[in-house]
Amino acid sequence: MNVRVRFAPSPTGALHIGSVRTALFNWLYARHTGGAFVLRIEDTDVARNTEQSLNTILDGLKWLGLDWDEGPYFQSKRAEIYRQRAQQLRDVGHAYERDGALRFRMTREPVVINDLIAGPVTRALGDREVSDPDFVIVRSDGTPVFHFVNVVDDLEMKITHVIRGEDHLSNTAKHIALFRAFGVESPAYAHIPMILNVDGSKMSKSDPDPAKARLASLTAYVEDGYLPEAVRNYLCLLGWSPKDDRQILPIAEVIQKFDLPQILRHNAKFDVTKLEWMNGQYINALTSDELDWRAATFGIKCADAPYRRAVLNLLKGKISLLKQLPERCGYFFTEDFLIDPAAVAKSPVDPVMLTKLTDRYATLPVWDAATLESNLKALAGELGVKTGQLIHPCRLAVSGQTVGPSLYHMLEVLGRDRVLSRLRKFKP
RNA sequence: GGCCCCAUCGUCUAGAGGCCUAGGACAUCAGAUUCUCAAUCUGGGUACACGGGUUCGAAUCCCGUUGGGGCCGCCA
């Protein structure tokens, strides 16, 4: 069978992280089967749609590397198709008008949904549905409703597998009834469980808690300096597993192993802490080139490219988010860096010793980490002090902080001129 | 209220009746190491929701309870 799947978001604000996972699973399944990944924009609710949020969707998918094979199709441009399909339902007696709206004559019998993930589900009518099982498919203003256009498009676009959030599982009975009314078989369904906040609440873009609301949008991860590969990898592991003990997986391997029946049936909680760890792993694995251009988007700009790269290389093992870069490496790029008062209080500086270190460093024939280390240690020995008594003040003088990369490597990268001038200028 | 889905460490998961005194990862705690730690390494603690069955044997199968989630719109 020629697999055709689709991602069908509605352009209302930011792209929800749960939608992103739905898109990812659709994409994975398409790539796994060699099928087509179709992008369809469900913009039938004119009042809520914006042009900007369409771009948010497209940019988000591109950022994650989820390329689509067809579309985007816009429901707002397919009115004629819906009009004809509505007429078809009228003709076969499955739709009737009431109060100016067109209603679908829904089956009263329980509907069996053979879900690829949840298994066979028998959906009976609820109490409120029993009293009025039929539902509106075209509003009195003539615009079609979600359940209707969703089914019509899946039919017209020859979608073979509908992979979507579990929030649609109950609605699927309506969709299957609609397909039957059209006289065709419904596509296969795969309802993937939801992702929730760690506290079990729903991830909502409009959560009253701003921190939680932020976590629900893909934008937050882009802004915070997550790598798309890391976000994608983390999302793959929410409800799916390679079944060995690895966490970091090349996407090609996920594509090869991914399949619908092994998707877990229970909801997953979104643990941003683990994602951040994973992001650190991905950052650390970045090549110098990749890190360089990504850092540029986080404000790391310095005309001296070799120096800039050396700095980034030094820092990359110590950060887990790209947005940490400016604060962690600011002192590499300016002489006007801040001397942290707390750091001064923490490690008292003996100016005499610092001067001796400066003098010794000034005479070094070569300037590399090994030489800097051996000389500092030798001086500490001559002065009868612990290396730490030279190291900490030195770190403070050249960086203004108590934490940072290995001192000798840091000095090597900073270079002789910067180091000596900072040591001479420093006043505790 | 009705209908539907689900239930292994705090979190993501491995586990498809004996290999489980339940494995891995994140987090956490302790120790080690280096000049610092937000790095690295080592080690520890922590889970089969509960109650009934079925079976020689159940985390794994069945039923119930409890708990969580979803849907019942002229929103998507």
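A47(B) and A59(B) have their P atoms separated by 15 Å, given to the nearest Å. For C75(B) and G68(B), the C1' atoms lie 25 Å apart once the distance is rounded to whole Å. For the P atom pair drawn from C5(B) and C29(B), the interatomic distance equals 41 Å after rounding to whole Å. Rounded to whole Å, the P atom of C4(B) lies 13 Å from the corresponding atom of U65(B). Taking atom C1' on both nucleotides, C74(B) is separated from C26(B) by 47 Å, rounded to a whole Å. Between the P atoms of U8(B) and G44(B), the separation comes to 25 Å (whole Å). Rounded to the nearest Å, the gap between the P atom of C62(B) and that of U55(B) is 16 Å. Spacing between A16(B) and G10(B) at atom P, rounded to whole Å, works out to 23 Å.
Base pairing of G1(B) is made with C72(B), judged by Watson-Crick or G-U wobble geometry with both donor-acceptor distances under 3.5 Å. Across all strands shown, G17(B) forms no Watson-Crick or G-U wobble pair with both key distances under 3.5 Å. In this structure, U60(B) makes no Watson-Crick or G-U wobble pair, since no nucleotide meets both defining distances under 3.5 angstrom. Pairing partner, C37(B): none, since no Watson-Crick or wobble contact has both distances short of 3.5 Å. Using Watson-Crick or G-U wobble geometry with both donor-acceptor distances under 3.5 Å, U42(B) finds its partner in A30(B). Across all strands shown, A7(B) pairs with U66(B); the Watson-Crick or G-U wobble distances both stay below 3.5 Å.
When the side chain to side chain donor-acceptor pair (under 3.5 Å) test is applied to Thr56(A), no partner is found at least two apart in sequence or on another chain. With sequence neighbours left out, Arg232(A) forms a side chain to side chain donor-acceptor pair (under 3.5 Å) with no residue at all. For Arg246(A), the side chain to side chain donor-acceptor pair (under 3.5 Å) partners are Asp244(A), Glu253(A), not counting sequence neighbours.
Arg4(A) and His161(A) form no side-chain donor-acceptor contact under 3.5 Å, judged by distance and modelled atom types alone. Remark: the Gln84(A) side chain and the Gln88(A) side chain contain no N/O donor-acceptor pair separated by less than 3.5 Å. No side-chain N or O of Tyr29(A) forms a donor-acceptor pair with one of Asp259(A) less than 3.5 Å apart. At a cut-off of 3.5 Å, with distance as the only test, a side-chain donor of Gln87(A) or Asp91(A) sits close to an acceptor on the other residue.
Between the side chain of Ser170(A) and the base of C72(B), no donor-acceptor pair under 3.5 Å is found. Scanning atom types as modelled, no donor and acceptor separated by under 3.5 angstrom connect the side chain of Asn267(A) and the base of G68(B). Contact annotation: side chain of Arg128(A) to base of C72(B), donor-acceptor pair present below 3.5 Å.
Here the P atom of nucleotide C71(B) and the CZ atom of Phe146(A) are 11 Å apart, to the nearest Å. Rounded to whole angstrom, the span from the CE atom of Met278(A) across to the P atom of U13(B) amounts to 12 Å. Summarising the geometry, the separation between CD1 on Ile248(A) and P on U13(B) is reported as 16 Å, rounded to the nearest angstrom. Nucleotide C4(B) holds its P atom 11 Å from the CG atom of Leu169(A), rounded to whole Å. We find that CG of Asp141(A) is positioned 14 Å from C1' of G73(B), with the value rounded to whole Å. The distance between atom CD of Glu97(A) and atom C1' of C74(B), rounded to the nearest whole Å, is 13 Å. Taking atom CD1 on Ile195(A) and atom C1' on G70(B), their separation rounds to 15 Å, with Å as the unit. To the nearest angstrom, P of C72(B) lies 9 Å from CG of Asp167(A).
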Side chains of residues 380-387 of chain A: which donor-acceptor pairs under 3.5 Å do they make with residues two or more places apart or in other chains?
from, atom 1, to, atom 2, distance (Å)
Glu382(A), OE1, Arg360(A), NH1, 3.2
Glu382(A), OE2, Arg360(A), NH1, 2.9

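Between Leu379(A) and Leu357(A), the closest side-chain pair of non-hydrogen atoms falls below 4.5 Å.
Nucleic acid contact class of Ala101(A) (heavy atoms, under 4.0 Å, all strands): base. Within 4.0 Å of Gly239(A), counting heavy atoms only, lie sugar-phosphate atoms of the nucleic acid but no base atom. Nucleic acid contact for Ser241(A): sugar-phosphate only, since backbone atoms but no base atoms lie under 4.0 Å from a heavy atom of the residue. Among the heavy atoms of the strands, none lies under 4.0 Å from Asp244(A). Across all strands shown, His147(A) has heavy atoms under 4.0 Å from base atoms, whether or not it also approaches the sugar-phosphate. Using a 4.0 Å heavy-atom cutoff across all strands shown, Lys386(A) reaches no nucleic acid atom at all.
Mapped onto RNA chain B by nearest heavy atom, Trp240(A) and Pro144(A) fall at different nucleotides, with Trp240(A) at the one closer to the 5' end. Nearest-nucleotide positions on RNA chain B place Tyr234(A) closer to the 5' end than the other of Tyr234(A) and Gly100(A).
When distances are taken from the side chain of Leu237(A) to each of C72(B), C5(B), C12(B), the shortest belongs to C12(B). When distances are taken from the side chain of Lys243(A) to each of G70(B), A76(B), G15(B), the shortest belongs to G15(B). Closest approach to the Leu264(A) side chain among G70(B), C3(B), U13(B) is made by U13(B) (side chain taken as heavy atoms from C-beta onward).
Side chain of Thr358(A) to backbone of Leu354(A): a donor-acceptor contact under 3.5 angstrom is found. Side-chain N or O atoms of Asn279(A) include one that pairs as donor or acceptor with a backbone N or O of Ser320(A) at under 3.5 Å.
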* Any chance you could list the contact pattern along nucleotides 59-64 of chain B? Use B for base contacts, S for sugar-phosphate-only contacts and - for none, protein heavy atoms under 4.0 Å, 5' to 3'. => ------

* Asked: Just by protein heavy atoms under 4.0 Å, how would nucleotides 24-38 of chain B read 5' to 3' in B, S and -?
  -> BBSS-------BBBB

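Taking the centre and axis of the six-membered ring of Phe104(A), the NZ or CZ atom of Lys174(A) falls outside the cone set by 45° and 6.0 Å. Taking the ring axis of Tyr361(A) as reference, the NZ or CZ atom of Arg416(A) does not stay both within 45° of it and closer than 6.0 Å to the ring centre.
Here Arg139(A) reaches the OP1 or OP2 of A76(B): one of its side-chain N or O atoms lies under 4.0 Å away. Regarding contacts with the backbone of A76(B), a side-chain N or O of Thr44(A) is found under 4.0 angstrom from either OP1 or OP2.
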